[in-house]
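Presented below is the structure to which this report refers.
Hydrogens, waters and symmetry mates are skipped; everything else that's a heavy atom, side chains included, is used.
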Amino acid sequence: MAGSSEGSADYARSAAPEATAAGSARSRLSFRPRWWTTLLVAVLVPLFISFGQWQWNKASVKEARQTLRDARDAEPAVQMPTTPADPESLRYRQVVVRGSYEPAFQILIDNRIHRERAGYHVLTPLRIEGSDTHVLVNRGWVPALADHSRWPEVATPAGVLQVSGRAMVPGTRYLTLGPDSPRADDSAWQVVWQNLDLSRYQKATGLPLQAVVIELAADNPSAGGLVREWPRPDERIERHLGYAFQWWGFAAATLIIWLFVNLRRRL
């Protein structure tokens, strides 16, 4: 027993200096941030957080629009007014309208992809029966030709038609990749447009227009055989959410790295 006590005492004496040394090593660590790393973090962290919030807000807008569209899909269709209407009151509503197409002012919206194939959306103005008011109808997608300096001929139904579909409010912000394609046969009318700028279209045509576009219903007999697979407002919403968490992860990682590199040993 005596030998055991002496061994324990020896172990305690040998362990004590080690613990003291470890504590001393820990005590020599201090946080002394360098000014340039602090400045960099002060810029990057808020920037990354704002980028994440921007993507989160984009996802929230898409979700809200999908909710609105689902609610209005459940409502009965409304008749398209013959006088200018508030576009927001018509957004995503199922609408019906009688009128006749005017193919002279038909346009093709370029760079529209369907199943990884490039093509156009065909937009044709419809004169609403009994008035001078027109509404643009997106009749669907057609594939592009191999020679992109030319475009497909699209037949347009004639006579008075019953058109049904969903009212969409065109965007006002566009990414323009270059000038529009040349006019057909040196005519005054521009056939291929990169984006639908409704204000520009109205000035070019002089037509009194509703501030919405009708996405033609898939089962509408006046479609003319074009492809109509309209995207949902919340399409790819998970991509925006993923980007948001990615940017916030960058912010957290930047802060952690800053804390780590600024821990120094005190001399």
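- Electrostatic pairing of Arg91 and Glu88 counts as a salt bridge here, judged by a charged N lying under 4.0 Å from a carboxylate O.
- No more than 12 heavy atoms of other residues, nucleotides or ligands sit less than 6.0 Å from atom CZ of Arg236.
- The environment of CD in Glu238 is crowded: more than 12 heavy-atom neighbours from other residues, nucleotides or ligands sit within 6.0 Å.
- Between Arg117 and Trp141 there is a side-chain heavy-atom pair separated by less than 4.5 Å.
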Exercise. Can you check side-chain contact (heavy atoms from CB on, under 4.5 Å) on Gln94 and Val78, steps first, answer last?
Worked result: CA-CA 6 Å; Gln94 296 293 330; Val78 299; over 6 Å; no
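- In the hydrophobic clustering of this structure, Leu145 does not group with Val122; members are Ile, Leu, Val, Met, Phe, Trp, Tyr whose side-chain heavy atoms approach within less than 4.5 Å, directly or through other members.
- Linking Ile, Leu, Val, Met, Phe, Trp and Tyr whenever their side-chain heavy atoms come within less than 4.5 Å leaves Leu136 and Met168 in two separate clusters.
- Side-chain contact of Asp147 with Ser149: a donor-acceptor pair under 3.5 Å is present, judged by distance alone.
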For this session: With side-chain contact (heavy atoms from CB on, under 4.5 Å) as the test, would you mind laying out the steps for Thr133 and Thr83 before giving the verdict?
Result: CA-CA 7 Å; Thr133 303; Thr83 56; 5.6 Å; no
Exercise. Checking side-chain contact (heavy atoms from CB on, under 4.5 Å) for the pair Leu196/Ile107: CA distance, chi angles, key distance, verdict?
Worked result: CA-CA 9 Å; Leu196 174 60; Ile107 60 174; 4.0 Å; yes
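- Closest heavy-atom contact between Gln202 and Leu209: NE2-N, 3.3 Å.
- Ring orientation note: the planes of His121 and Trp230 are nearly perpendicular, at an angle over 60° on the 30°/60° scale.
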For this session: Verify side-chain contact (heavy atoms from CB on, under 4.5 Å) between Trp151 and Asp110, making sure each step is shown before the conclusion.
Result: CA-CA 10 Å; Trp151 42 85; Asp110 203 357; over 6 Å; no
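- Separating the CG atom in Asp73 from the OH atom in Tyr92 is a distance of 10.5 Å, to the nearest 0.5 Å.
- A salt bridge between Arg127 and Asp132 is present, with a side-chain N of the basic residue lying under 4.0 Å from a carboxylate O of the acidic one.
- Taking 4.5 Å as the limit, every side-chain heavy atom of Thr205 sits out of range of all side-chain heavy atoms of Glu102.
- In the hydrophobic clustering of ILVMFWY residues, with side-chain heavy atoms under 4.5 Å counting as a link, Leu40 and Phe51 come out together.
- Using the six-membered ring where Trp is involved, Trp189 and Tyr201 have ring planes that are perpendicular, over 60° apart on the 30 and 60° scheme.
- Residues Gln190 and Val192 share a closest heavy-atom pair of NE2-O, 3.3 Å.
- In the displayed structure, Glu63 atom CD is contacted under 6.0 Å by at most 12 heavy atoms of other residues, nucleotides or ligands.
- Looking at Val154 and Arg139, their side chains come closer than 4.5 Å, going by heavy atoms from C-beta outward.
- Tracing side-chain contacts under 4.5 Å through hydrophobic residues (I, L, V, M, F, W, Y), one never reaches Phe250 starting from Leu241; they form parts of separate clusters.
- Taking the six-membered ring for Trp and the full ring otherwise, the centers of Trp247 and Trp54 sit at least 6.0 Å from each other.
- Atom OH of Tyr243 is surrounded by 12 or fewer heavy atoms from other residues, nucleotides or ligands within 6.0 Å.
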